Undergrad: 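Below: one structure in structure tokens.
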Amino acid sequence: MKAAVYYENGGPDVFKYEDVADPECHRKGIVIRVEAVSIEGGDTLNRFGGALVTKPHIVGYQAAGEVIQVGEEVEHIKVGDRCVTTGGFGSHAELRAVAARTAWVIPPGMDVKLAAAIPVPFGTAHDCLFEFGRMKKGEIVLVQAGASGVGVAAIQLAARAGASMILATASSDARLEALKPLGLTHGINYSRDDVATEVARLTDKHMADVIVDSVGGPTLQSSIASLAYRGRVSMVGAAGREPMRVDVGSMMGGNRSLSGVFLGAEIATDRVHDNIQQLIQDVADGALKVVIDKTFALRDAAEAHRYIESRQAVGRVLLIP
């Protein structure tokens with residue numbers, strides 16, 4: 001099969017488009033012929049500095065396509081189904097093998113490209129808001145990096161759950177404007193304005209009850225500074241690629257809390273698996289929207305990663321084998 005691979009960590013230019021061995025099907029797994037790869041934030045981080053589990057290494061958490069092999073112990077998926085899959089690596093390829101427990105059957109008639117972009121960002125956003133953020137109707141929500149895949153999902157999920165106000169940050173006014181149809185109340189251009197100061201102004205000093213932060217680094221401290229009394233931050237990533245240095249003492253006076261969130265730690269549980277299947281169905285039914293910014297050919301993985309890192313995208317960028 002063809003795959004976008006690399007032999008060392010670095011910038012997007014480390015990618016090579018090469019022939020590699022087809023993956024083998026585990027007795028508890030499936031193999032799909034990949035039709036769409038959703039490039040996740042963790043994919044760019046892993047390419048930049050993550051472990052090379054294989055060499056050459058095929059990066060990538062998430063891809064969807066037609067099932068062409070099924071392990072003998074798998075009962076709920078059959079050859080010919082279309083599934084969206086997750087795994088620690090291996091999405092940037094023509095074929096992909098995963099455990100059946102981290103695959104979800106795509107409803108008949110649903111666009112496989114939309115399904116490809118759901119499990120990690122929507123599942124993560126849901127956990128950040130509800131499982132760990134304990135969001136309740138009427139609360140104020142702040143989403144850092146609102147134009148990211150997790151951000152796009154979090155804005156919609158918070159709106160659906162009855163947030164009284166939804167704030168989000170992005171690097172430009174144009175990206176923020178694109179988020180308003182999804183439920184955004186007010187946008188904050190972090191390249192121009194101080195986030196905590198703007199949150200105070202927009203909320204009449206109430207601040208944010210729940211914050212979803214996928215950026216980390218110095219942004220995490222601005223999230224803490226933006227918290228209301230008893231506010232909760234769900235920290236779910238390090239997209240900023242800067243050290244996490246926070247003043248934990250600044251949380252004490254307001255009885256605030258900070259939770260680290262990693263969907264992968266629970267993705268094989270019944271709770272998360274069933275939740276993701278429902279989110280896929282919600283998108284299929286039109287209750288939630290997947291935003292696809294741009295698609296690239298698999299052979300152009302370097303160009304796609306470069307585009308993502310330019311911080312122009314709103315929503316997900318896909319690779320099509």
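None of the values given here were measured: they were computed from a predicted structure.
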Undergrad: Looking only at the side chains, is there a donor atom on one of Q281 and D285 sitting less than 3.5 Å from an acceptor on the other?
TA: yes
Undergrad: Assess whether side chain to side chain contact (heavy atoms under 4.5 Å, CB included) is satisfied between V84 and I280, documenting all intermediate values.
TA: CA-CA 9 Å; V84 54; I280 292 169; 3.7 Å; yes
Undergrad: Kindly check if the number of other-residue, nucleotide or ligand heavy atoms within 6.0 Å of CZ (R33) is above 12?
TA: no
Undergrad: For the backbone of E66 and the side chain of E35, can you confirm whether one donor and one acceptor N or O come within less than 3.5 Å of each other?
TA: yes
Undergrad: Answer whether the closest heavy-atom distance between the side chains of R160 and D282 falls below 4.5 Å.
TA: yes
Undergrad: Find the distance between CZ (R316) and OG1 (T295) and round it off to the nearest 0.5 Å.
TA: 15.0 Å
Undergrad: Return yes when atom NZ of K2 has more than 12 non-hydrogen atoms of other residues, nucleotides or ligands closer than 6.0 Å, and no otherwise.
TA: yes
Undergrad: Can you tell me how far OH of Y229 sits from CG of N255, rounded to the nearest 0.5 angstrom?
TA: 4.0 Å
Undergrad: Donor-acceptor pair, distance only, cut-off 3.5 Å: does the side chain of Q62 make one with the backbone of A116?
TA: yes
Undergrad: Please check: side-chain N/O of N9 versus main-chain N/O of G50, any donor-acceptor pairing under 3.5 Å?
TA: yes
Undergrad: Ignoring hydrogens, what is the shortest heavy-atom contact between E73 and K28? Give both atom names and the distance.
TA: OE1-CE, 3.0 Å
Undergrad: Can a donor-acceptor pair be found, under 3.5 Å and without considering hydrogens, that links the side chain of T85 to the backbone of A103?
TA: no
Undergrad: Regarding R232 and E139, does a basic nitrogen lie under 4.0 Å from an acidic carboxylate oxygen?
TA: yes
Undergrad: Hey, are S172 and Q312 close enough side-chain-wise for a donor-acceptor pair under 3.5 Å?
TA: no
Undergrad: Looking at every non-hydrogen atom in both residues, tell me the closest pair between G146 and A168 and how far apart they are.
TA: CA-CB, 4.0 Å
Undergrad: May I ask you to say whether R27 pairs ionically with E72, meaning some side-chain N is under 4.0 Å from a carboxylate O?
TA: no
Undergrad: Going by distance alone, is a donor N or O of one side chain under 3.5 Å from an acceptor N or O of the other, for Q144 and T169?
TA: yes
Undergrad: Any side-chain heavy atom of L142 within less than 4.5 Å of one from V199?
TA: yes
Undergrad: Please report the shortest heavy-atom distance between A301 and A4, naming the atom on each side.
TA: CB-CB, 3.6 Å
Undergrad: Does the Q277 side chain pair with the main chain of V105, one donor and one acceptor, at a distance under 3.5 Å?
TA: yes
Undergrad: Could you give the distance from CD1 (I32) to CG (D81), rounded to the nearest 0.5 Å?
TA: 12.0 Å
Undergrad: For residues L318 and I292, determine if any side-chain heavy atom of one lies less than 4.5 Å from a side-chain heavy atom of the other.
TA: yes
Undergrad: Quick check on the hydrophobic clustering: are V120 and V212 connected, directly or via other members, by side-chain heavy-atom contacts under 4.5 Å?
TA: no
Undergrad: Any link between M135 and L279 through a network of hydrophobic side chains (Ile, Leu, Val, Met, Phe, Trp, Tyr) touching at under 4.5 Å?
TA: yes
Undergrad: A304 and V317: which non-hydrogen atoms are nearest, and at how many Å?
TA: CB-CG1, 4.3 Å
Undergrad: State plainly whether the residues D127 and R271 are in salt-bridge range, i.e. N to O under 4.0 Å.
TA: yes
Undergrad: Show, in sequence, the C-alpha distance, side-chain angles and deciding distance for Q221 and S250, and conclude whether the side chain to side chain contact (heavy atoms under 4.5 Å, CB included) test is met.
TA: CA-CA 9 Å; Q221 187 62 54; S250 65; 3.3 Å; yes
Undergrad: Measure up the H57 and Y6 rings against each other and bin them: parallel (under 30°), tilted (30 to 60°), perpendicular (over 60°).
TA: perpendicular
Undergrad: Is the closest side-chain heavy-atom distance between R299 and L319 below 4.5 Å?
TA: no
Undergrad: So Y7 and V5, do their side chains get closer than 4.5 Å, heavy atoms only?
TA: yes
Undergrad: Between CZ of R256 and OG of S226, what distance do you get to the nearest 0.5 Å?
TA: 9.5 Å
Undergrad: For a 4.5 angstrom cut-off between non-hydrogen side-chain atoms, does V67 reach R82?
TA: no
Undergrad: Within a strict 4.5 Å, meaning less than it, do heavy atoms of the V34 and E94 side chains meet?
TA: no
Undergrad: Same cluster or not: L227 versus M165, using hydrophobic residues (I, L, V, M, F, W, Y) connected whenever any side-chain heavy atoms lie under 4.5 Å apart?
TA: yes
Undergrad: Does the separation of the ring centres of F15 and H305 fall below 6.0 angstrom?
TA: yes
Undergrad: Under 3.5 Å, side chain of R175 to main-chain N/O of A313, donor-acceptor pair present?
TA: yes
Undergrad: Is it the case that the side chain of W104 and the backbone of C83 share a donor-acceptor pair, with hydrogens and angles ignored and the cut-off at 3.5 Å?
TA: no
Undergrad: Under the side chain to side chain contact (heavy atoms under 4.5 Å, CB included) rule, what do L179 and I155 come out as? Steps first, then yes or no, please.
TA: CA-CA 8 Å; L179 300 175; I155 289 168; 3.9 Å; yes
Undergrad: Looking only at atom types and distance, does a side-chain atom of Q156 sit under 3.5 Å from a main-chain N or O of V152, one as donor and one as acceptor?
TA: yes
Undergrad: Is it possible for you to say whether V236 and M251 belong to one hydrophobic cluster, with membership spreading through side-chain heavy-atom contacts below 4.5 Å?
TA: no
Undergrad: CG/L167 to CD1/I140 distance, rounded to the nearest 0.5 angstrom?
TA: 7.0 Å
Undergrad: Check whether any side-chain heavy atom of S91 sits under 4.5 Å from a side-chain heavy atom of V59, and report yes or no.
TA: no
Undergrad: Could you walk me through whether D293 and Y307 satisfy the side-chain hydrogen bond (donor to acceptor under 3.5 Å, both in side chains) test, starting with their C-alpha distance in whole Å, then the side-chain angles of each, then the deciding distance to 0.1 Å, before giving a yes or no?
TA: CA-CA 11 Å; D293 184 280; Y307 175 69; 2.5 Å; yes
Undergrad: Between D209 and G231 (side chain of the first, backbone of the second, donor and acceptor by atom type, cut-off under 3.5 Å), is there such a pair?
TA: no
Undergrad: Hey, are D193 and R201 close enough for a salt bridge, meaning a charged N less than 4.0 Å from a carboxylate O?
TA: no
Undergrad: Would V70 end up clustered with L95 when hydrophobic side chains under 4.5 Å apart are linked, directly or stepwise?
TA: no
Undergrad: Any idea which heavy atoms bring I211 and S223 closest together, and the distance?
TA: CD1-O, 3.1 Å
Undergrad: Just wondering, more than 12 heavy atoms not from R101 lying within 6.0 Å of its CZ?
TA: yes
Undergrad: I need the I39 CD1 to I308 CD1 distance, nearest 0.5 Å.
TA: 4.0 Å
Undergrad: R96 side chain to F89 main-chain N or O, any donor-acceptor pair under 3.5 Å?
TA: yes
Undergrad: Under the side chain to side chain contact (heavy atoms under 4.5 Å, CB included) criterion, do L176 and N189 qualify, and how do the steps go?
TA: CA-CA 8 Å; L176 290 167; N189 185 335; 4.2 Å; yes
Undergrad: Looking at every non-hydrogen atom in both residues, tell me the closest pair between C25 and V31 and how far apart they are.
TA: CB-CG2, 3.6 Å
Undergrad: Testing the 3.5 Å rule here: is there a donor-acceptor pair between the side chains of Y61 and D43?
TA: no
Undergrad: Have a look at R47 and tell me which of E309, E8, E40 forms a salt bridge (charged side-chain N to carboxylate O under 4.0 Å, His left out) with it.
TA: E309
Undergrad: Is it the case that D300 and Y17 place a side-chain donor and acceptor less than 3.5 Å from each other?
TA: no
